[in-house]
Asker: 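Submitted below is the structure of interest, expressed as structure tokens.
Here, residue 1 is the first one in the sequence, and each next residue gets the next number. Note that these values count all heavy atoms, side chains included, but never hydrogens, waters or copies made by symmetry.
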Amino acid sequence: MTGEGKRRICLTVAYDGTRYNGWQYQPNGRTIEGEINGALCALAGEDIGVSGASRTDAGVHARCNYAVFDTKMRMPADKFAYALNQRLPEDIRVQKAGEVAMGWHPRKCRSIKTYEYRIVNREFPDPLDRLYAHFTYLQLDVQKMQEAARFLVGEHDFKSFCSIHTEAESTVRTVTGLSVGQRESVITVRISGTGFLYNMVRIIVGTLLEVGCGKYPPQRVKEILEACDRKESGPTAPARGLTLVSYRFLEDVPEVCACLKSLDG
């Protein structure tokens with residue numbers, strides 16, 4: 001959107017993705033983007049559409065996704081957070097809002113995104129975790145999962161770990177960090193990278209789960225990676241366990257407001 005007198009606002013958005021068909025607007029489905037667009041149009045009296053940094057899938061959660069939009073409204077930039085939160089459903093909340101340069105977009109900036117996937121590993125599920133973690137009663141070997149994870153760090157062709165429906169021109173991506181840790185009955189897979197393919201994180205988790213339950217040894221993950229064949233990797237882990245937890249920009253852009261800083265620093 002361009003035009004004289006317009007300004008660009010950036011929002012930091014947190015949401016529980018349980019009830020939504022993902023981030024991106026769909027004419028026949030409820031989405032995060034659709035809800036924010038509706039709230040903005042009602043607030044501004046303009047036809048406004050946001051453009052998000054990360055198009056999370058149906059059922060995936062986020063603590064710090066980013067979205068930009070252009071408007072003629074003269075409201076102080078930080079007040080958009082307060083005004084929108086009065087109009088949004090309680091499972092979507094704007095954490096910060098600030099003005100950025102026209103033409104600036106988070107998807108055009110070098111960045112590191114971090115996702116966490118939570119797995120509840122115990123005899124019986126905890127109902128309080130049912131919307132935010134994947135449950136399995138199968139005993140998982142966290143040490144073997146961590147050993148397998150090391151093969152995936154770095155720049156690789158992740159064709160084995162993306163949906164066959166991907167529209168990406170290249171399946172080469174860089175994973176800057178991948179760890180598997182456990183605290184009591186909760187196992188957390190934490191993965192960081194400069195960008196991810198469609199379903200890539202959930203397929204990686206599904207494959208690590210196969211290693212954890214002893215279906216194949218950690219070294220098999222290296223062979224899966226090199227095969228560049230989706231049929232070789234594990235299943236796609238359920239969406240509910242996945243949360244976008246950090247979005248860190250790698251370049252210092254003076255005109256970009258403080259709202260673009262990662263929530264966890």
Side-chain angles (χ1 to χ4, degrees), residues 11-24 26 29-36 52-67 85 88-96 112-142 145-146 149 161 163 175 177-193 196-213 234-248 262-265:
L11 308 174
T12 306
V13 187
Y15 49 87
D16 175 342
T18 304
R19 299 193 302 157
Y20 299 93
N21 294 330
W23 168 274
Q24 195 166 8
Q26 298 176 26
R30 196 177 185 199
T31 67
I32 307 298
E33 188 175 63
E35 293 292 326
I36 297 174
S54 183
R55 298 168 181 170
T56 51
D57 297 337
V60 175
H61 318 294
R63 294 190 182 279
C64 56
N65 205 349
Y66 291 94
N85 284 337
L88 287 167
E90 63 183 0
D91 49 7
I92 303 174
R93 282 292 178 265
V94 177
Q95 303 298 298
K96 295 179 183 178
I112 298 290
K113 289 188 283 189
T114 299
Y115 286 90
E116 286 187 353
Y117 194 98
R118 297 177 70 248
I119 303 158
V120 174
N121 190 206
R122 51 186 289 182
E123 185 176 6
F124 300 109
D126 182 341
L128 299 184
D129 279 321
R130 73 191 188 283
L131 301 179
Y132 311 106
H134 169 57
F135 166 77
T136 180
Y137 63 86
L138 298 173
Q139 187 171 356
L140 299 175
D141 188 324
V142 174
M145 292 172 70
Q146 178 60 55
F161 296 92
S163 168
V175 171
L178 177 53
S179 64
V180 184
Q182 183 170 12
R183 185 173 182 179
E184 298 180 343
S185 62
V186 178
I187 297 170
T188 302
V189 179
R190 184 179 175 93
I191 182 169
S192 301
F196 297 96
L197 298 161
Y198 184 40
N199 285 163
M200 176 175 160
V201 175
R202 291 163 57 195
I203 295 171
I204 285 175
V205 172
T207 304
L208 293 178
L209 284 168
E210 301 275 72
V211 173
C213 68
T236 304
R240 62 180 170 269
L242 186 61
T243 302
L244 174 62
V245 297
S246 172
Y247 205 118
R248 182 167 59 90
S262 169
L263 291 186
D264 68 1

Asker: Let me confirm one number: the CG-CD distance from L178 to Q146, rounded to the nearest 0.5 Å.
Answerer: 7.0 Å
Asker: How long is the span from the OG1 atom in T56 to the CD1 atom in I32, to the nearest 0.5 Å?
Answerer: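 Result: 6.5 Å between the selected atoms.
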Asker: State whether the side chain of T243 and the backbone N or O of V245 hold a donor-acceptor pair below 3.5 Å, judged by distance alone.
Answerer: no
Asker: Would you please classify the geometry between the Y115 ring and the F196 ring as parallel, tilted or perpendicular, with 30° and 60° separating the classes?
Answerer: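 Perpendicular: the ring planes of F196 and Y115 meet at over 60°.
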Asker: Compare every heavy atom of T114 with every heavy atom of L244, then report the nearest pair and how far apart it is.
Answerer: CD1-O, 3.6 Å
Asker: Output yes when a side-chain donor or acceptor of E90 lies under 3.5 Å from a complementary backbone atom of I92, and no otherwise.
Answerer: no
Asker: With distance as the sole test, does H61 use its side chain to make a donor-acceptor pair with the main-chain N or O of G17 at under 3.5 Å?
Answerer: yes
Asker: Quick one, T188 with R183, criterion side-chain contact (heavy atoms from CB on, under 4.5 Å). Give me CA distance, side-chain angles, the key distance, then yes/no.
Answerer: CA-CA 8 Å; T188 302; R183 185 173 182 179; over 6 Å; no
Asker: Output yes when a side-chain donor or acceptor of N65 lies under 3.5 Å from a complementary backbone atom of V13, and no otherwise.
Answerer: no
Asker: As an exercise, state the distance from CZ of R130 to OG1 of T18, rounded to the nearest 0.5 Å.
Answerer: 9.0 Å
Asker: Can you find a pair of side-chain heavy atoms, one from E116 and one from S246, that are under 4.5 Å apart?
Answerer: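 Heavy-atom side-chain distance check fails, nothing below 4.5 Å.
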Asker: Taking atom types as modelled, find out whether Y198 and D57 have a side-chain donor-acceptor pair closer than 3.5 angstrom.
Answerer: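 No.
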Asker: How about W23 and I36: do any of their side-chain heavy atoms sit closer than 4.5 Å?
Answerer: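 Yes, side chains in contact.
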Asker: Okay, side chain of R202, backbone of A237: is any donor-acceptor separation there less than 3.5 Å?
Answerer: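 Here the side-chain-to-backbone pair exists.
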Asker: With rounding to the nearest 0.5 Å, note down the distance linking SG in C64 to CZ in R248.
Answerer: 12.0 Å
Asker: So how far is it from Y66 OH to T12 OG1, rounded to the nearest 0.5 Å?
Answerer: 4.5 Å
Asker: Which heavy atom of Q182 sits nearest a heavy atom of E184, and at what distance?
Answerer: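 So the minimum-distance heavy-atom pair works out to NE2-O, 3.0 Å.
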Asker: Are there over 12 heavy-atom neighbours, none belonging to Q139, within less than 6.0 Å of that residue's CD?
Answerer: no
Asker: Within the structure provided, determine whether Q24 and T31 are in side-chain contact (heavy-atom separation under 4.5 Å).
Answerer: no
Asker: D129 vs R122, test: side-chain contact (heavy atoms from CB on, under 4.5 Å). Steps then yes/no.
Answerer: CA-CA 12 Å; D129 279 321; R122 51 186 289 182; 5.9 Å; no
Asker: Apply side-chain contact (heavy atoms from CB on, under 4.5 Å) to F135 and D126, showing your working.
Answerer: CA-CA 8 Å; F135 166 77; D126 182 341; over 6 Å; no
Asker: Taking all atoms of both residues into account, what is the closest heavy-atom pair of N199 and S163, and its distance?
Answerer: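 Residues N199 and S163, closest heavy atoms: OD1-CB, 3.8 Å.
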Asker: Distance check, rounded to the nearest 0.5 Å: K113 atom NZ versus Y247 atom OH?
Answerer: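 Atom-to-atom, K113:NZ and Y247:OH are 5.0 Å apart.
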Asker: Taking the six-membered ring for Trp and the single ring otherwise, decide whether the centroids of Y20 and Y15 are under 6.0 Å apart.
Answerer: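 No: the rings miss the under 6.0 Å criterion.
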Asker: Quick one: does N121's side chain have a donor or acceptor within less than 3.5 Å of a partner on L140's backbone?
Answerer: yes
Asker: Do you know which two heavy atoms are closest between P89 and R19, and how far apart they sit?
Answerer: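 That closest heavy-atom pairing would be CB-NH2, 4.1 Å.
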Asker: Give me the atom names and distance for the closest heavy-atom approach of L208 to A149.
Answerer: CD2-N, 3.9 Å
Asker: For the backbone of I187 and the side chain of Y117, can you confirm whether one donor and one acceptor N or O come within less than 3.5 Å of each other?
Answerer: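 No: the side chain of Y117 does not pair with the backbone of I187.
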Asker: Tell me the closest heavy-atom pair linking S192 and I112, and the distance in Å.
Answerer: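 Heavy atoms only, the tightest pair is CB-CG2, 3.9 Å.
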